[in-house]
Participant: 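Below is one structure. I have some questions about it.
Per chain, numbering begins at 1; letters A, B, ... match sequence-line order.
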Amino acid sequence: MSVRVRFAPSPTGHLHVGGARTALFNWLFARQTGGVFILRIEDTDPERSTSEMVEGILEGLRWLGLDWDEGPHHQSQRLDSYRQMGRQLLEGNHAYRCFCTPELLLHKKAQAPHGGRDWKYDGSCRKLSDDEIQARLEAGDPFAVRFRVPENQQVSFKDLVYGDIQVETKTIEDFVLLRSDGTATYHLSVVADDTQMRISHVVRGADHLPNTSKHVLLCQALEEPLPLYVHLPLILGPDKKRLSKRHGATSVLEYRQQGFIPEAMKNYLARLGWSPGDDNEESLSEEQLIRLFDLSRINKANALFDPQKLEWMNAQFLSSVPAPELESRIRPLLQKENMWDSAWEGSARQWFLDTLDLIKPRARRLSDFIHLGQPFFSDSFEYESKAAQKYLVSEDPEVTAKLILAIQGLAEAYRNLAPFDLETTEQVLRKIGDEQQIKAGKLIGAVRVALTGKSVAPGIFDVIVALDKKRTLERLDRVLKFLQ
RNA sequence: GGCCCCAUCGUCUAGUGGCCUAGGACGCCGCCCUCUCAAGGCGGAAACACGGGUUCGACUCCCGUUGGGGCUACCA
């Protein structure tokens with residue numbers, strides 16, 4: 001059997017992490033099996049669906065590199081086919097016209113015990129006689145089409161994650177297939193599309209597990225073969241509640257904006273509810289993911305989304321991205337901050353790449369390159385007040401005088417230093433420290449603030465060499481003016 | 001309320017009756033490295049929800065309890 005899977009988001013919101021994980025699992029399965037990955041937009045509710053949301057979802061998928069082979073199909077453009085299926089069900093007596101108005105239903109529900117919480121449609125229109133139906137049709141009464149749920153049966157189906165599921169039909173109400181305006185509800189459209197698109201595996205969130213019995217009933221009425229069902233455990237917030245805004249970012253595009261890279265996101269999402277087994281490797285490449293992915297190893301229990309682990313994973317992947325590749329991802333950020341120099345593309349390219357490698361181990365997100373890189377990519381910076389307090393300013397004028405002497409001596413020695421490299425710059429600094437009776441650590445701290453404005457930076461001699469002699473001396477001069 | 005599903009460290013998970021004194025990862029703590037911060041290395045605290053069975057033997061199988069989640073719309 002050839003594998004045909006689909007991701008079928010409803011464009012009533014962004015592509016959130018749960019949806020992205022569903023898309024990813026579908027995609028991994030399709031890529032592993034050489035199957036077809038179909039994208040279908042479930043926009044049968046025109047009230048809540050917008051084209052901006054569709055575009056956002058597509059962009060999220062593209063960012064993650066989840067390319068689809070068919071679609072996007074839009075359910076809003078297939079309404080006729082659903083209506084036809086509704087007619088077919090009506091003719092086969094698997095469905096019936098329900099003339100109950102929403103108001104009437106609401107009223108009945110309100111009258112029921114428990115505030116109507118366990119009220120189900122009572123099926124009053126089930127046994128309307130042909131004459132009655134004819135009369136109401138002629139009177140122009142609006143009607144919905146409801147599915148005639150078989151009485152006292154068991155529906156059962158196999159789920160590749162949850163196993164065999166059985167439900168009594170008496171617990172299922174006669175659900176609506178076509179609304180009184182003739183549009184299809186989710187249950188009808190999803191079954192219509194999944195059968196017509198010959199979907200082999202329905203891989204979707206476990207929130208659809210209880211609905212599946214309805215879909216199975218529909219397939220049976222239509223005499224269509226059942227797809228294999230694969231329900232994915234849900235991703236919840238840290239408080240075990242549905243992931244929502246108050247837990248932080250929920251949209252994958254927000255994560256992009258926050259400096260996460262798709263490799264990390266994909267890997268993290270893949271490991272939420274799935275693991276490759278014994279060889280419990282954390283960071284897997286896309287190829288490994290495709291090769292190792294296994295539907296039968298998906299967990300049943302819901303998973304809590306942990307942003308900290310995502311960030312760690314991002315740092316892992318970030319450190320493995322080679323500098324030239326990093327460049328293209330960083331450039332837009334730097335340009336936005338006015339920290340881009342066209343020389344990076346020409347004569348200074350190697351220097352730029354080396355500098356990226358220098359700050360890379362400290363970056364957890366792409367956006368970190370802005371502040372980490374600032375001392376190197378820009379000459380305008382302020383001394384961070386805390387850093388200056390700690391390393392530059394002293395209440396004791398003698399200490400300040402000593403520091404000034406040391407920095408003057410350092411600048412002087414560096415001016416004629418050749419070669420100007422890691423070893424020589426360190427030798428000189430330590431010698432000056434000894435001469436001026438300043439601890440190397442203290443002097444280094446001051447120089448670090450002088451050169452970067454920060455108390456946190458790469459190793460000081462790496463910084464000095466990266467800045468090279470000219471800029472180092474400029475900044476030493478600047479700090480001397482600051483101290484005097 | 002009814003129906004469905006789930007249950008190993010705080011979190012993601014390994015574990016498919018003896019390999020378990022329960023392994024790894026994130027996070028946390030300590031030490032090392034060291035010019036700061038990361039990275040890296042080493043070490044530590046930290047879990048089989050509970051109660052019954054089944055079995056020579058249960059984290060692993062069955063039942064119940066508790067807890068959690070989902071569905072319960074002319075939303076998807």
Participant: Under a 3.5 Å threshold, yes or no: a donor from one side chain and an acceptor from the other, between A:D193 and A:Y82?
Facilitator: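 There is such a pair (donor and acceptor under 3.5 Å, judged by atom type) between the side chains of A:D193 and A:Y82.
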Participant: Does A:R204 have a side-chain nitrogen or oxygen under 4.0 Å from the phosphate oxygens OP1 or OP2 of B:rA76?
Facilitator: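 The answer is no; no side-chain N or O of A:R204 sits under 4.0 Å from OP1 or OP2.
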Participant: Ignoring the backbone of A:N211, work out which of B:rU36, B:rA73, B:rA76 is nearest its side chain.
Facilitator: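 So the side chain of A:N211 is nearest to B:rA76.
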Participant: Could you tell me how far B:rC50 sits from B:rU60 if I compare only their P atoms? Round to whole Å.
Facilitator: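 Roughly 10 Å separates the two P atoms.
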Participant: B:rA39 P sits how many Å from A:N314 CG, rounded?
Facilitator: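 For the pair A:N314 CG and B:rA39 P, the rounded distance is 14 Å.
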Participant: Does A:R148 come within less than 4.0 Å of A:D174, counting only side-chain N to carboxylate O?
Facilitator: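 No, this pair does not count.
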Participant: Quick one: does A:T185 reach the base of B:rC74 with a side-chain donor-acceptor pair under 3.5 Å?
Facilitator: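 No.
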Participant: If the P atom of B:rA22 is compared with that of B:rU16, how far apart are they to the nearest Å?
Facilitator: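 Comparing P positions in B:rA22 and B:rU16 gives a spacing of 16 Å.
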Participant: Using the P atom in both, what is the distance from B:rC42 to B:rA25, to the nearest Å?
Facilitator: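 Pairwise P distance, B:rC42 against B:rA25, rounds to 10 Å.
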Participant: So, under a plain 3.5 Å distance rule, would you say the side chain of A:K360 forms a donor-acceptor pair with the base of B:rA39?
Facilitator: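 Answer is no: no donor-acceptor pair is held.
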Participant: Would a distance-only check, ignoring hydrogens and angles, find a side-chain to backbone donor-acceptor pair under 3.5 Å from A:Y383 to A:Q389?
Facilitator: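 Checking the backbone N and O of A:Q389 against the side chain of A:Y383, no donor-acceptor pair under 3.5 Å is found.
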Participant: Looking at every strand, decide which applies to A:T44 at a 4.0 Å heavy-atom threshold: base, sugar-phosphate, or nothing.
Facilitator: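 Answer is sugar-phosphate: A:T44 comes under 4.0 Å of backbone atoms only.
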Participant: Quantified in whole Å, what is the C1' atom distance between nucleotide B:rG57 and nucleotide B:rG17?
Facilitator: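 So the two C1' atoms sit 8 Å from each other.
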Participant: Between B:rG30 and B:rG15, how far is it from one P atom to the other, in whole Å?
Facilitator: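 About 34 Å, rounded to a whole number of Å.
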Participant: With rounding to whole Å, what would you report as the distance between B:rC6 and B:rG10 at their P atoms?
Facilitator: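 Each nucleotide's P atom is 23 Å from the other's.
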Participant: For A:F143, does the six-membered ring have the charged nitrogen or CZ of A:R97 within the cation-pi criterion, i.e. under 6.0 angstrom from the centroid and within 45° of the normal?
Facilitator: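 The answer is yes, since A:R97 meets both limits relative to A:F143.
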Participant: Roughly how many Å apart are B:rG24 and B:rA47, using the C1' atom of each and rounding to a whole number?
Facilitator: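 Taking atom C1' in both B:rA47 and B:rG24, they lie 14 Å apart.
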Participant: Can you check the distance between B:rG41 and B:rG18, where both ends of the measurement are the P atom (answer in whole Å)?
Facilitator: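 Between the two P atoms, the distance is 33 Å.
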Participant: Does the structure show a Watson-Crick or G-U wobble partner for B:rC28, both distances under 3.5 Å? Name it, or say none.
Facilitator: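 Base partner found: B:rG44.
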Participant: Can you tell which of B:rC6, B:rG27, B:rA76 lies closest to the side chain of A:Q308?
Facilitator: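 Looking only at side-chain atoms, A:Q308 lies closest to B:rG27.
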Participant: Does NZ or CZ of A:R146 lie under 6.0 Å from the centre of the six-membered ring of A:Y121, at an angle within 45° of the ring axis?
Facilitator: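 Output yes; distance and angle both within limits.
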